[in-house]
Amino acid sequence: MVSTVAGGGIATLSAGALEFWRWKRQRVDQNIENRRVLYGSYLAVLSSTRHTCGVLARAAGLSTGERAKAVWDAYEHCLSRRYEIEIMAPLSVVAAAENTHHALRDVCVAVAGGVTSESQEYARLRRVYKETHASLRSAMRFDLGSEP
């Protein structure tokens, strides 16, 4: 009788422990998936904004007001995603996202102010953005376990 009760207790504890570890693993997997979706969304909005700035930097015939409005309308979409990154991502990704965000904002400020795609300033700002963006993607891949 004692051995039956002990066996039942061990089986119950084993099943409970197994269920706990399964639940914990599912939670980790869901958190990674949530960050993967967020990272993809943030990279997409950065890309869209950078593309819009590139088009506007090449656009001739736009007034300064029209150019500035188009730039800031595109840039606005980056803000909410950036804040989501700040609360969901590890600090390494947050720092890389901040650097990339600031580099993109610098491109936006320049284009809104009338800098064209042929200028040295635009080329410099694009290079800085490209470097910070590469660092951001690397930090995101590392966080998601895609890179050692």
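No experiment lies behind these values; they were computed from the predicted model shown.
Contact detail for Tyr129 and Ala103: the closest heavy-atom pair is CA-CB, 3.8 Å. What you find for Leu46 and Thr100 is that their closest heavy atoms are CD1-CG2, 3.8 Å. The shortest heavy-atom contact between Val115 and Ser119 is CG1-OG, 3.1 Å. In terms of heavy-atom proximity, Ile85 sits nearest to Val94 at O-CG2, 3.6 Å. When all heavy atoms of Tyr122 and Gly54 are compared, the closest pair comes out as OH-CA, 3.2 Å. Closest non-hydrogen pair, Cys53 versus Val111, comes out as O-CG1, 3.8 Å.
Atom CG of Leu144 sits about 9.0 Å away from atom CD of Glu33, to the nearest 0.5 Å. Here Thr132 contributes atom OG1 and Arg137 contributes atom CZ; the two are 9.5 Å apart, rounded to the nearest 0.5 Å. In this structure, the separation between CG on Leu136 and OH on Tyr42 is 6.5 Å, given to the nearest 0.5 Å. To the nearest 0.5 angstrom, Met140 atom CE is 11.5 Å from Ser135 atom OG. Between atom CZ of residue Arg126 and atom CG of residue Leu104 there is a gap of 10.0 Å, rounded to the nearest 0.5 Å.
Of the possible donor and acceptor atoms, none in the side chain of Ser47 sits under 3.5 Å from a partner among the backbone N and O of Leu43. At least one donor-acceptor pair closer than 3.5 Å links the side chain of Thr49 to the backbone N or O of Val45. Using modelled atom types, one side-chain atom of Arg67 and one backbone atom of Ala59 make a donor-acceptor pair closer than 3.5 Å. Under a 3.5 Å cut-off, the side chain of Thr52 and the backbone N or O of Ser48 do form a donor-acceptor pair.
Using a 4.0 Å cut-off between a side-chain N of Lys or Arg and a carboxylate O of Asp or Glu, Arg58 and Glu118 do not qualify as a salt bridge.
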Quick one, Glu98 with Arg82, criterion side chain to side chain contact (heavy atoms under 4.5 Å, CB included). Give me CA distance, side-chain angles, the key distance, then yes/no.
CA-CA 8 Å; Glu98 283 290 315; Arg82 184 177 123 222; 2.8 Å; yes
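With a 6.0 Å radius and a threshold of 12 heavy atoms from other residues, nucleotides or ligands, His51 has its NE2 atom at or below the threshold.
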Which pairs of donor and acceptor atoms, one on a side chain in residues 68-80, lie under 3.5 Å apart (sequence neighbours left out)?
{"residue": "Lys69", "atom": "NZ", "partner": "Asp73", "partner atom": "OD2", "Å": "2.7"}
{"residue": "Tyr75", "atom": "OH", "partner": "His101", "partner atom": "NE2", "Å": "2.7"}

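Ile87 and Val93 fall within a single hydrophobic cluster, where Ile, Leu, Val, Met, Phe, Trp and Tyr side chains are chained together by heavy-atom contacts under 4.5 Å.
Listed by chain and number, the residues in a side chain to side chain donor-acceptor pair (under 3.5 Å) with Arg127 amount to none (sequence neighbours excluded).
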